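What you see below is based on every heavy atom in this structure, not just the backbone, and it leaves out hydrogens, waters and symmetry mates. Convention: sequence-line order gives letters A, B, ...; per-chain numbering from 1. These numbers come from a predicted model, not from an experiment.
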Amino acid sequence: MASSSDMGSADFESLSSTSDVELLKRAWRNEKAAPEILPYEGDLVERAKGQIELVEENIEAYVENGIDPLVVSLYQMDLDRTQFLLRSYLRVRLLKIEKFMFHSLKSEEAESRLSEQEKVFARRCADDLAKHFEESVLRKLPENYQSVLKQSLISEVDDMVPEPHLDTFVACRSKSHFTLNLYEEGESTQTEEMYRGDLYFIRYKIVKGAIESGKMDLI
Amino acid sequence: KLIAAARAVPRVNKKRRDRIGHVREKKILRAGRRATPNLSIASSLTRLSKNATRITISSRKWNKKGWMYSNRNADHYGALVHHLSLIRNKRCLMAYVHNRADIVRDLAWRVGLELLDLPPEIQDKLTTLEKEYFKNHSVAIKSYMGKVGIELNVDMVPPKDPYIKIRVVGEIDQGIVISDKTTNFTRHSMHFLKRTDAEPYIARVTSFTCCPSPKTNKLIRPL
């Protein structure tokens, strides 16, 4: 990771934009700003883990060889930063799962965005919380009202499931030139031209597709 | 009596909300959390509801099936009002329990995954059910961390320096081992530790300073 930055300056821009650290940073930023959980970057996480281990071994070797401690501490700093990125990325995802437990298990789309371990975690969390609710409140309510997901047996949909707010405003920047449909399909199609590097403050719902395909980045 | 109890339930809620379908984010009130007395209101309320509901439910079902304008009588409206108030009570109660569960989860992330790491003032305010929930949740988090192979509890703040200066403010048990060296944490001594080693102790300080009377054992304050 540190070595990727001592390439020639002409290639620096293009190289650094594809190095794993940059990709991880981009994924982390997107995840932090988005109101719902985004697709899991499994390969990226695996590669980052491998690189971190590699650099740790290097550092230990340097310390033993007695290389200048300043250089070693620089490598250590870089390693710490990358580790922080990785941990924070996973943490943000876990916190989002915790917040919207029942929703992520209910909808197919949300479930497909979780990694295997996250799915297990989500199921355990939901079970724990459902058990907690049942013990403290629902046991004592009359029969038709004992469901965690529905208000009563008469409700047709699961009303008691908190859902992520897709209407929140997010700041985003477009990476290339394209047109965006400002309204949902079916309604009036007012489009907006997005040029490269434009900054927008817009509702998340509208840019959702663009973010997933990589055309826009959240800030 | 039912109405009086129903009026008591929204007072139980810190922030009143009508629809639990969109649970909004709340500021966390650390010092002012009330404990179990509210649950007794809840259980008395539900006992009343149970008795009255048996009549209502049967009449409601009958009304749903054979609903015609001429079938509406006084009972139908009474049943409807009762049903709506029951649902509202259920929402209030669930919202209250849900919020407390959120606070419990937040504590687990901020302070530590062991129940005994929490300061005694907070432990007093948690019911046994919530302590159970805390334990179950920590186990779930630990198993996830184990599977992924990365500890997610450290590095809560982006790192600026690899080493930080700290001063010990409270008392700590002697002979704590940090990264192969035993350190002597006497009171008011200053140390130069690695960030990852000191973090769990610092986390305890930042969570305590919001409590009214911090009287805890392990305290380190970073300089």
* **A/E116 versus chain B, the contacting section by heavy-atom distance below 4.5 Å** => neither
* Atom NZ of A/K25: over 12 foreign heavy atoms under 6.0 Å -> no
* To do: Using the side-chain contact (heavy atoms from CB on, under 4.5 Å) rule, take B/M145 and A/L90 through it: C-alpha gap first, then chi angles, then the decisive distance, then the call.
  => CA-CA 10 Å; B/M145 295 207 293; A/L90 292 172; over 6 Å; no
* **Close side-chain approach of B/I141 and A/E98, heavy atoms under 4.5 Å** => yes
* Do A/R124 and B/Y144 have side-chain heavy atoms sitting under 4.5 Å apart? -> no
List the atom pairs, with distances to 0.1 Å, where a side-chain N or O of residues 128-135 of chain A and a protein N or O form a donor-acceptor pair under 3.5 Å, not counting sequence neighbours.
| from | atom 1 | to | atom 2 | distance (Å) |
| --- | --- | --- | --- | --- |
| A/E135 | OE2 | A/R139 | NH2 | 3.4 |

* Asked: Does atom NZ of B/K142 have more than 12 heavy-atom neighbours, drawn from other residues, nucleotides or ligands, at distances under 6.0 Å?
  -> yes
* Are A/Q117 and B/S143 close enough that some pair of their side-chain heavy atoms sits under 4.5 Å apart? -> no
